Amino acid sequence: MGTAIMITSGKGGTGKTSLTAGVASCLAAMGQRVLCIDLDIGLRNLDIALGLADRAVMDFSDVMERRCPLLTAAVEHPDIRGLYLLTAPLSLERDDPAAFRCVVEDAKDCFDFVFMDSPAGLGVGFRLAMAGADRAILVSATDPAALRDAQMAVSQLITRIPQLHLVMNRVQPKLMRQLRTSIDHAMDTAGLPLLGVVPEDQNVTMAAASSTPLVLLTYKGAAPAYLNIARRLLGQRVPLLHIR
């Protein structure tokens, strides 16, 4: 039985989708079977971050409404064996968390990890992901607005999902010094244990532009941070990436 992990954020622009793709790619490269589900209905872009742009024909609503089997709808990456995508629909006929939870439960029988990339905010995609999740990773930047919105997301998750973790993403050390903030302060503000720290990295944008998973493009910057998070999810003890 696999583990379903909700990837969420309080606001947009925190790099949540890039993190989902990066960590999932690392886990698959380490021999895990990983399914990524895009829950950003109408604005999907996880396929771009994974290097699977326009490859998916069916989406999670087709599986939820039993128009298509899960393993037919899920698209495997051509270069990273064991990495699959189940994309989001352009619109959703029925907001049914219970039906979506059934899709996730079926996926956990076939995959070691199910990553649910929920959109920012507390709308339909957030509710669906929350219904199916065993764990949640809250992705936040270090700015005050992102941390405040992260607290709001935590308030919705904390009574429903037993394991919550924080990832500080797009970290710029110079900016953090100017704001007189720190990772410890961010942890205290969000109220969650820290799973990882990921630096700001222009290669993330370059990877998306070339529709290539970051781990196939470089081993520097955000890539080793994604790898460290993947290893922690496998239960390995790994020190936090030191960002200079």
Side-chain angles (χ1 to χ4, degrees), residues 1-10 12 16-21 23-25 27-28 32-78 80-139 153 156-157 159-163 208 211 213:
M1 177 68 73
T3 301
I5 302 177
M6 174 184 185
I7 315 292
T8 189
S9 62
K16 170 184 52 59
T17 296
S18 296
L19 182 114
T20 301
V23 175
S25 298
L27 284 167
Q32 303 293 302
R33 283 178 57 84
V34 185
L35 174 66
C36 296
I37 306 179
D38 192 339
L39 284 165
D40 200 349
I41 299 159
L43 296 172
R44 60 193 188 191
N45 56 17
L46 181 57
D47 59 335
I48 296 173
L50 286 169
L52 290 169
D54 300 323
R55 286 179 177 265
V57 176
M58 313 302 284
D59 57 62
F60 77 74
S61 70
D62 292 308
V63 181
M64 194 167 72
E65 300 294 341
R66 301 185 182 278
R67 293 188 289 265
C68 179
L70 171 65
L71 294 181
T72 300
V75 178
E76 187 173 17
H77 197 281
I80 304 177
R81 185 176 180 181
L83 179 63
Y84 290 77
L85 168 68
L86 183 58
T87 196
L90 295 177
S91 62
L92 190 64
E93 300 172 5
R94 186 166 57 108
D95 176 5
D96 190 341
F100 182 77
R101 184 169 60 246
C102 290
V103 173
V104 176
E105 290 300 315
D106 288 344
K108 287 161 59 178
D109 288 334
C110 305
F111 296 91
D112 300 301
F113 289 93
V114 179
F115 282 93
M116 297 171 289
D117 181 24
S118 71
L122 308 177
V124 174
F126 182 91
R127 293 194 299 273
L128 293 177
M130 187 166 57
D134 302 312
R135 303 172 67 173
I137 297 174
L138 186 71
V139 183
Q156 298 295 312
L157 295 169
T159 60
R160 295 175 173 86
I161 299 178
Q163 295 186 64
S211 198

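Here the structure is a predicted model, which means the values were calculated and not measured.
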Which atom of [X] lies closest to which atom of [Y], heavy atoms considered:
X	Y	result
A74	L86	N-CD1, 4.3 Å
L92	I41	CD2-CD1, 3.7 Å
G132	R101	CA-CG, 4.3 Å
V34	A24	CG1-CB, 3.8 Å
P119	G125	CD-CA, 3.7 Å
S118	L39	CA-CB, 4.0 Å

Within the 4.5 Å heavy-atom criterion, are [X] and [Y] side-chain neighbours or not?
X	Y	result
P78	L52	yes
S25	L83	yes
I7	M116	no
M6	L157	yes
S61	R94	no
C110	L35	no
D40	L46	no
P89	F60	yes

Is there a donor-acceptor pair closer than 3.5 Å between any side-chain N or O of [X] and the backbone N or O of [Y]?
X	Y	result
D38	N45	yes
D59	T87	no
R135	Q163	no
K108	V114	no

Value rounded to 0.5 Å, distance of [atom1] in [X] from [atom2] in [Y]:
X	Y	atom1	atom2	answer
I5	I161	CD1	CD1	10.5 Å
L138	S9	CG	OG	7.0 Å
E76	R33	CD	CZ	7.0 Å

Q | Under the salt bridge (Lys or Arg N to Asp or Glu O under 4.0 Å) test, residues paired with R127 that sit two or more places apart | A |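 For R127 the salt bridge (Lys or Arg N to Asp or Glu O under 4.0 Å) partners, ignoring immediate neighbours, are D95.
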Q | Set of residues satisfying ring pair (Phe, Tyr, Trp, His ring centres under 6.0 Å) with respect to F115, sequence neighbours excluded | A |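 In terms of ring pair (Phe, Tyr, Trp, His ring centres under 6.0 Å), with neighbours along the sequence ignored, F115 is linked to no residue.
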**Q.** Under the ring pair (Phe, Tyr, Trp, His ring centres under 6.0 Å) test, residues paired with F113 that sit two or more places apart
**A.**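 F113: no ring pair (Phe, Tyr, Trp, His ring centres under 6.0 Å) contacts found.
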Q. Is a side-chain donor-acceptor pair under 3.5 Å present for D117 with T17?
A.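 There is such a pair between these side chains.
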**Q.** Flag if over 12 foreign heavy atoms under 6.0 Å of CZ, R81
**A.**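 No, the 6.0 Å shell around CZ holds no more than 12 heavy atoms from other groups.
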Q | Step-by-step side-chain contact (heavy atoms from CB on, under 4.5 Å) determination, V63 to D106 | A | CA-CA 10 Å; V63 181; D106 288 344; over 6 Å; no
